Amino acid sequence: MLKHVEKLRGMGLEANPLKDWEFEVSVPKERVAEVLSYLKSTGFKAFIHLACVDWIDEGEFELVYNLESYEDALQAVVKTRIPRNNPTMESMISIWGLCQVYEREVHEFFGIEFVGNPNLKPFFLENWMDIPPLRKDFNTLVYSEELFEFKEDETHGIKAPKRIEHK
Amino acid sequence: MVNFKKNSLAPISALKYLFKKPHTVRYPKEDLNVFYLKGVSPRYRGLHTNDLSKCIGCGSCAKVCPANAIMMVESKDVKPANKFAKTVRPVIDYGRCCFCGQCVDVCPTRSLQMSREYIHSFHPKLSTSSEKEPETVVEDFIWRPDQTHADNPGYVRT
Amino acid sequence: MSEWKELADYFRGRSMWMLHYCTGCGAIELPPTMTSRWDMERFGVVPMATPRQADILLITGYLSIKSLKRVVYTYEQMSAPKWVLGFGSCTINGGIYWDSYSVIKRLDKYIPVDLYIAGCMPRPEAILDSFVKLRELIKKGEAKGYEKYVKNFEWYKANQDKVFRRTTPVLKKPEEVTKSA
Amino acid sequence: MELRPLNVSNTNDKYKTYELFIGPNHPGISGNFSYVLDMEGHKVANVTPDPGLLHRGFEKLMERRLWTQNLALIPRICVPEPDVNEVAYCMGVEHLAGIEIPKHAQYIRVIVLEMARIAAFLFSFAGLGGSTGLYTAPNWSIGDRDYILDLFEWLTGGRVYHIYQYPGGVKKDIPDGWLDKLLELLDYLESRLPEYDNLIFRNPILQKRTKGVGYLPAEKAIKNGITGPNLRASGIKWDIRKAQPYLVYDELNFDIPITGEGDAFARTLQRRLELEESIKILRQCANQIPDGPYKVKIPNPFQFRVPAGSYYSKVESSKGEFGYYIVSDGDVKPYRVYVRGPSYSVGLYYANEIMRGMRIEDVPVWIHTMDICPPDFDR
């Protein structure tokens, strides 16, 4: 495992082990395709998932590619940062055809444009006209109170409705 | 498991089920008796019970509830246990409660517990108009736990 | 004429056919009730594949907006004496998804429900107990949700359209929306 | 084992392909999910999955709740096997917070995981029986699964949603008399396995229905992110419990069966052999469990903060690799939690590739032998 970490540090990337079989690499945006295809060539053939974290204070999205190598039982977490206003990212479909589905989901929940992905149509949500829901500035309680017409307050229950008598 | 051919006598071996007791639990007549108590498990997370005298109305159960189901409501018929105790008591909205038991785990005076009762259903009357029906339904599932099912304790904080 | 109706209601209560449609997470308690351990067939309740032949529609738990649209189609395809059973706390007041943007909170605003069952996934015994209660309601002639649907059809359709046919975004521009907790 | 060829129909009228909904309301689908199939005669020409019917926005809700409040929300993600979520989440939180749970609690977690695994395998026999019309199989296997749920109910207080794990261990200790009941149940299940073999696996009709369906070669399985029993049925010896042992799996000896042919029958056989292994693991755990505290004291829920950082914790579930990518910024609430469901890429991406040319009656069989769990897609 340390052989991989040293190799990646040799390529000028910042890599550190998380556990004895998992390490993470943070990669600038342009070198993601290069690092992913390099890892795929050295045994990380299984693409596990693509996650996206919305760092709203730093104004950035963080894309997390997770790969797994079955030969030497390792887990590689490749992270990259992309700017938050009109975020675009090149699609990794050429390396793994599987990314098409994960990128379509991240596009719908965060609004990231994946250049090269043939099919970014709506996936889970039907006629959604608001900002992508998993962004930090989307308030789900205000949305559901508006849409489903019920009133709820945020203080987790410390309030005194007047009309209750015990049964 | 190596050969996948079924020998021809296999269906006959199914006849032994004729003389076996059915393992169906005929619910209304007989109950589940797997545990040392009849019915559900001795640790079952069912409808809540609350010892109104021990409860000090601190509201930590309302704060910890993931479903925002517990409301602290002023109750006239209860006197505070000591100088600091308040007279608000938890009221549970079973249209929200997910029966996770986290309120029982966090209750400092161990007054809020869960009983082994779980049956409750509500039929909105035909007379209530459609507009008022959602309100009456939500209304029926909100009540303040007290000692009604306390004789049948289930999930208690040890 | 009325004793024929009582006789019909008596037998209707004893052969309620359930639509085999697991809408929410409560559907994991249906297989044990359907198969050998709790066996709801003792009450005449049999899973049916198509809405045309089913009498009861079980809404087992939460309903996202997408599946609410399918449930409304299914409900309207079922033939007249039909009943809806609301399982668990998600159909009453939103359950544990009270702040979710894609789950409806009160089922009664969209389709009429005849019986609500408490429990966050009611046990098989609670399901069987609700079938017995539904049979009493049918015998007494009080389970008339389907007539209520026809009577105030516009009100139900208005609620459904508020959720399905939205043309404008629900929240205002992102700048006015306060940052979420 | 070659796939049956799709014979091109010679009529080129506009009804060459018609649209068929394997819709949300279909007994052959395991849960609330729908495929839109373009059919050519009785063969599938194109598949467009239509997920989102069970979407509750878990990842948004988890950002609004405390660390321990999420434990009540999490088992609702994958319903046939809820304990996998709790253990994976708790292991992630404990790794980030640096909590070391006692050996007794680790053994209880392995027992809970393996019992949930057996229950999920029995549930997949029921699904297989339902899709091939063998209705005795659901009656038997779900009936036996109910005995496992009784034990869960006694141990945790809930039948399906146990909400039993807690960062730092488990919520309640094993009641006395529970382990003997567990060993009794294991002997009963062991005596039932030959009955299942005669009913399901030696059944010539079922073999004809599943052999040759949905053939999955090894490298295609890796390329499409398929893990778990479906991967091992294609011949790759990869099990997280052996390769990257967590909890106490390194102290238990069990082996990984490989069926290797890669078609639907090999996958069901794979689950049947793994069920035997799980019984073996449970027996060892029940006999070797050391005494000791069942949990480590952690601060109360309102002040429990997890230091900043991110970690991907995974567990070998009966459907594949179930992972939680947890990001924390040191607050009382998680900053971001991503749930990796095992059947996500199978049902949404690989379905379009494998179902082309498949006959319509093989579609539910393929869905149930891949053990697709729709809440994994929508979360």
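We name chains A, B, ... by the order of the sequence lines, and we start the count at 1 in each one. As the structure is a computational prediction, the values presented were derived from the model and not from experiment. Below, each value reflects all heavy atoms present in this structure, side chains not excepted, and no hydrogens, waters or symmetry copies.
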Under a 4.5 Å heavy-atom cut-off, does chain D meet the side chain of [X], its backbone, both or neither?
X        : result
A:Asp20  : neither
A:Lys40  : neither
A:Leu67  : neither
A:Gln100 : side chain
A:Ile48  : both
A:Val101 : both

Spacing of [X] atom [atom1] and [Y] atom [atom2] [to the nearest 0.5 Å]:
X        : Y        : atom1 : atom2 : result
D:Asn224 : A:Trp96  : CG    : CH2   : 12.5 Å
A:Gln75  : D:Ile240 : CD    : CD1   : 8.0 Å
D:Tyr338 : A:Leu50  : OH    : CG    : 7.0 Å
D:Ile222 : A:Phe44  : CD1   : CZ    : 13.0 Å
A:Ser69  : D:Trp238 : OG    : CH2   : 7.0 Å
A:Phe138 : D:Lys60  : CZ    : NZ    : 7.0 Å

Review point. Under 4.5 Å between any side-chain heavy atoms of A:Phe123 and D:Asp50, yes or no?
Key: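 A:Phe123 vs D:Asp50: side chains apart.
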
May I ask you to say whether [X] pairs ionically with [Y], meaning some side-chain N is under 4.0 Å from a carboxylate O?
X        : Y        : answer
A:Lys136 : D:Glu63  : yes
A:Glu68  : D:Lys314 : yes
D:Arg379 : A:Glu105 : yes

**Study point:** D:Tyr312 and A:His49: CA distance, side-chain angles, deciding distance, ring pair (Phe, Tyr, Trp, His ring centres under 6.0 Å) verdict
**Key:** CA-CA 11 Å; D:Tyr312 176 73; A:His49 72 78; 5.1 Å; yes

Point to revise | side chain to side chain contact (heavy atoms under 4.5 Å, CB included) between A:Phe124 and D:Leu53, intermediate numbers included | key: CA-CA 8 Å; A:Phe124 292 101; D:Leu53 292 152; over 6 Å; no

Check your understanding: Below 6.0 angstrom between ring centroids: does that apply to D:His55 and A:Phe109?
Key -> yes

Practice item. For this output row, return yes or no: ring centroids of A:Tyr102 and D:Tyr349 closer than 6.0 angstrom. Key: no

Exercise for review: Start with the C-alpha distance between A:Lys19 and D:Ser313, add both sets of side-chain angles, then the distance that settles side-chain hydrogen bond (donor to acceptor under 3.5 Å, both in side chains), and finish with yes or no.
Suggested key: CA-CA 10 Å; A:Lys19 210 177 182 187; D:Ser313 79; over 6 Å; no

Check your understanding: Given the options D:Ala243, D:Ala221, D:Ser345, which has more heavy-atom pairs under 4.5 Å with chain A than any of the others?
Key ->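 If we count pairs closer than 4.5 Å to chain A, D:Ser345 comes out on top.
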
Practice item. Scan side-chain atoms only and decide if A:Glu24 and D:Tyr311 contain a donor-acceptor pair under the 3.5 Å cut-off. Key: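 No, no side-chain donor-acceptor pair sits under 3.5 Å.
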
Point to revise | Geometric cation-pi criterion, D:Lys223 with A:Phe47: 6.0 Å, 45° | key: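 No, D:Lys223 and A:Phe47 do not form such a contact.
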
